[in-house]
Amino acid sequence: MAVTRTFSIIKPDATRRNLTGAVTKMLEEAGLRVVASKRIHMTREQAEGFYAVHSERPFFGELCDFMTSGPVVVQVLEGEDAVKRNRDVMGATNPANADEGTIRKTLAESIEANTVHGSDSDENAKIEIDYFFKPEEIVG
Ligand code: ADP
Ligand code: MG
């Protein structure tokens with residue numbers, strides 16, 4: 001299995017509850033390595049651009065409100081089959097449907113305030129990493 005990269009966000013519900021370390025520990029225990037990390041407060045423009053694929057969905061406005069409601073931690077994660085590995089440890093979008101032991105089952109508050117973002121394909125991982133990081137900020 002190839003070592004690849006994915007993009008992660010620790011969302012405002014998690015930073016507000018001081019769970020940055022708890023989330024990162026679960027990522028690391030799942031075999032992912034944090035090779036870039038920064039705490040930022042997303043602008044409205046950044047959030048709308050990042051979630052542009054969801055712009056027609058009814059929750060788009062609220063999602064952008066939520067993602068700009070407090071700081072987030074954007075990260076690049078590296079590991080074997082990183083996209084799938086991260087999606088597996090994240091759990092389902094709705095924490096009520098997430099498997100036991102996943103980040104969302106353990107920590108998420110709701111379908112919106114669901115603690116973490118993770119890229120859904122290698123192609124989107126590259127786009128999302130490039131959206132937030134310069135190459136020199138990633139140190140593997
Ligand atoms: P995922 O984050 O699991 O890839 P999506 O890409 O479908 O899920 O949705 C992006 C984000 O939008 C979710 O993580 C969640 O924060 C929010 N979201 C998704 N569905 C809903 C919904 N029905 N109501 C409110 N927020 C939602
Ligand atoms: Mg998604």
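Counting starts at 1 for both ligands and their atoms, following the listed order.
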Enquirer: Can you check whether Phe132 reaches Ile40 side chain to side chain, under 4.5 Å on heavy atoms?
Expert: yes

Enquirer: Identify, for atom 16 (O) of ligand 1, the protein heavy atom at the shortest distance, and state residue, atom and that distance.
Expert: Glu112 O, 2.8 Å

Enquirer: Look at atom 15 (C) of ligand 1 and say which protein heavy atom is nearest, naming residue and atom and giving the distance to 0.1 Å.
Expert: Ile111 O, 3.2 Å

Enquirer: Which residue and non-hydrogen atom of the protein lie closest to atom 2 (O) of ligand 1, and at what distance in Å?
Expert: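 Of the protein heavy atoms, Arg104 NH2, 3.0 Å lies nearest.
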
Enquirer: By the definition side chain to side chain contact (heavy atoms under 4.5 Å, CB included), identify the one residue from Arg85, Met90, Gln75 that meets it with Leu27.
Expert: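 The passing option is Gln75.
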
Enquirer: Please say whether more than 12 non-hydrogen atoms of neighbouring residues, nucleotides or ligands are located less than 6.0 Å from NZ in Lys38.
Expert: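 Atom NZ in Lys38 is crowded, with more than 12 foreign heavy atoms closer than 6.0 Å.
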
Enquirer: Which residue and non-hydrogen atom of the protein lie closest to atom 4 (O) of ligand 1, and at what distance in Å?
Expert: Arg87 NH1, 2.8 Å

Enquirer: Who's the nearest protein heavy-atom neighbour of atom 19 (C) of ligand 1, and how far?
Expert: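 Of the protein heavy atoms, Phe59 CZ, 3.5 Å lies nearest.
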
Enquirer: If you measure only the distance, is there a donor-acceptor pair under 3.5 Å linking the side chains of Ser119 and Asn124?
Expert: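 No donor-acceptor contact under 3.5 Å links the two side chains.
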
Enquirer: Which atoms from ligand 1 have a heavy atom of Asn114 less than 4.0 Å away?
Expert: 13 (C), 14 (O), 15 (C), 16 (O)

Enquirer: How about CG on Asp88, more than 12 heavy atoms from neighbouring residues, nucleotides or ligands closer than 6.0 Å, or not?
Expert: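 Yes - once you tally the heavy atoms of other residues, nucleotides and ligands closer than 6.0 Å, there are more than 12.
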
Enquirer: Is a donor on one side and an acceptor on the other found under 3.5 Å between the side chain of His41 and the backbone of Thr68?
Expert: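 The answer is yes, because a donor-acceptor pair under 3.5 Å joins these two groups.
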
Enquirer: Which bit of Lys11 is near ligand 1, meaning a heavy atom under 4.0 Å away: side chain, backbone, both or neither?
Expert: side chain

Enquirer: Rounded to the nearest 0.5 Å, what's the gap from CZ on Arg87 to OG1 on Thr102? Could you check?
Expert: 11.5 Å

Enquirer: Among protein heavy atoms, which lies nearest atom 9 (O) of ligand 1, and at what distance?
Expert: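 Atom 9 (O) of ligand 1 sits closest to the protein heavy atom His54 NE2, 3.6 Å.
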
Enquirer: What residue and heavy atom of the protein are closest to atom 1 (P) of ligand 1, and at what distance?
Expert: Thr93 OG1, 3.6 Å

Enquirer: Nearest to atom 7 (O) of ligand 1, what protein heavy atom do you find, and at what distance?
Expert: Arg57 NH1, 3.5 Å

